[in-house]
There are 2 protein chains.
Amino acid sequence: MNIGEVAKRSGLPAKTIRYYEDIGFVTPARGDNGYRSFGEKDLHKLAFLGRARGLGFSIEDCRTLLALYEDQGRASADVKRVAQKNLNEIDRKIADLQAMRGTLSHLVATCAGDGRPDCPILEDLGRR
Amino acid sequence: MNIGEVAKRSGLPAKTIRYYEDIGFVTPARGDNGYRSFGEKDLHKLAFLGRARGLGFSIEDCRTLLALYEDQGRASADVKRVAQKNLNEIDRKIADLQAMRGTLSHLVATCAGDGRPDCPILEDLGRR
DNA sequence: CTTGACCTTCCACTTGCTGGAACCTTTATA
DNA sequence: TATAAAGGTTCCAGCAAGTGGAAGGTCAAG
């Protein structure tokens, strides 16, 4: 399989796949023309990575998860710990954004948004 | 005022203040010793930037907001548009994170997290 | 007079890709 | 058969928004 097809089937851009090779996630064989030649296993790995990234796991966490995925003797506790950590991180980010949202939506709601210069948004940002 | 005091009073790290000078947000004078010498106006600007960044505005948006802040003839509509765009962006991020959170929290909840290898998290990531 | 706290600049690194240039190979079409 | 389009290759640069660290200058206190 050439990179284009893998890209289509995995949903990842070809650029990203090359990058994932760079950082050691996959190691496709090479044809005589120098083209990468991916197998089904590579495709499966890349799809795995795409989903893990889609759930917000960092590249390093993906590395760990991939290793656990391929380790038949893993303990699910190890997987769960990584996932729980990511979940906590996501919760923290949501909380941060909710806090911003709270302040900002209030400010936006109280700004007239007309041609006059008076603006509660700037007043808030510029408060002493 | 030296950078240390400005850092303390603005809540921004000295490194960040130097960076903000680099990108043209402030232009402190220099003493004979080469030290930056900040005035109250600089401090106020930096605090403004700190709050704007804290509400999730990008550096470029901060630039726009700062210009509007200093423009007595501004229209609040211009401020509101920038803020509304940021609010939309925040909402999009929250939605993305909520979606991740939904899937991930379900997976975490169903994972035994013990010494056995069976793991719904990896099963989901590795699904065909 | 030395110690330690500040200050300076400059360069590299972070995360996770993405864009583009310059070039080669394969495939489809005139 | 010539050529053009569509794929592939490598490598370098850049994004956001700083952060860390090295190497060095300066200032106040003991």
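Here is how names work: the chains are called A, B, and so on, in the same order as the sequence lines, proteins then strands, and each is numbered from 1. Any value given below was found using the heavy atoms of this structure, including those in side chains, with hydrogens, waters and symmetry copies removed.
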Quiz item: Hey, does the side chain of B/Asn33 come within less than 4.0 Å of C/dC7's phosphate (OP1/OP2), counting only N and O?
Solution: no
Exercise. Check whether the side chain of A/Tyr20 and the base of C/dG16 form a donor-acceptor pair under 3.5 Å.
Key: no
Self-check item: Length of the CD-C1' vector between B/Glu5 and C/dC6, whole Å
Solution: 13 Å
Practice problem: State whether A/Arg36 and A/Asp42 are salt-bridged, where the test is any N-O pair (Lys NZ or Arg NE/NH1/NH2 against Asp/Glu carboxylate O) under 4.0 Å. | Solution: no
Exercise. Can you tell me which residue pairs pass the salt bridge (charged side-chain N to carboxylate O under 4.0 Å, His left out) test with a partner in residues 106-115 of chain A, sequence neighbours excluded?
Key: A/Asp114-A/Arg116
Quiz item: Which one, D/dT19, D/dT9, C/dG16, comes nearest to the side chain of A/Ser58?
Solution: C/dG16
Quiz prompt | Nucleotide D/dT9, atom P - distance to CG of A/Asp32 in whole Å | solution = 14 Å
Exercise. Output yes when a side-chain donor or acceptor of B/His44 lies under 3.5 Å from a complementary backbone atom of A/Arg128, and no otherwise.
Key: no
Exercise. Write down the distance between CD1 (A/Ile17) and C1' (C/dG16), rounded to a whole number of angstrom.
Key: 15 Å
Self-check item: Within residues 40-55 of chain B: residues closer than 4.0 Å to DNA chain D (heavy atoms)
Solution: B/Arg53
Quiz item: Separation of B/Leu12 atom CG from D/dG18 atom P, in whole Å?
Solution: 8 Å
Quiz item: Relative to each other, are the rings of B/Phe48 and B/Tyr69 parallel, tilted or perpendicular (30° and 60° limits)?
Solution: tilted
Quiz item: Reckon B/Arg36 has a side-chain N or O less than 4.0 Å from the OP1 or OP2 of C/dT9?
Solution: yes
Quiz item: Just how far, in rounded Å, is P of C/dT15 from CG of A/Asp22?
Solution: 15 Å
Quiz item: Hey, is the side chain of B/Thr16 poking within less than 4.0 Å of OP1 or OP2 on D/dA17, counting only N and O atoms?
Solution: no
Quiz item: Side-chain N or O of B/Arg30 less than 4.0 angstrom from OP1 or OP2 on D/dT26?
Solution: no
Quiz prompt | Whole-Å distance separating the CD1 atom of A/Ile3 from the C1' atom of C/dT25 | solution = 15 Å
Exercise. Have a look at A/Ile23 and say if it touches a base, only the backbone sugar-phosphate, or nothing, with a 4.0 Å heavy-atom cut-off.
Key: nothing
Quiz item: Do A/Cys119 and B/Lys80 come within less than 4.5 Å of each other through their side chains, counting heavy atoms only?
Solution: no
Quiz prompt | Between C1' of D/dC15 and CD1 of B/Ile59, the distance in whole Å | solution = 13 Å
Practice problem: Between B/Tyr35 and B/Glu60, just flag the one whose closest nucleotide in DNA chain D comes earlier from the 5' side. | Solution: B/Glu60
Quiz prompt | Heavy-atom side-chain proximity of B/Glu40 to B/Arg9 below 4.5 angstrom | solution = yes
Quiz item: Got A/Leu125 and B/Leu55 here, is their nearest side-chain heavy-atom distance under 4.5 Å?
Solution: yes
Quiz prompt | No-H, no-angle donor-acceptor pair, A/Lys15 side chain to C/dG16 base, under 3.5 Å | solution = no
Self-check item: Closest listed nucleotide, where the reference is the side chain of A/Arg18 and the choices are C/dC17, C/dT8, D/dT9
Solution: D/dT9
Quiz item: Given atom CD of A/Glu21 and atom P of D/dT9, what is their separation to the nearest angstrom?
Solution: 8 Å
Quiz item: When you measure from the side chain of A/Asp71 to the backbone N and O of A/Gly73, does any donor-acceptor pair fall under 3.5 Å?
Solution: yes
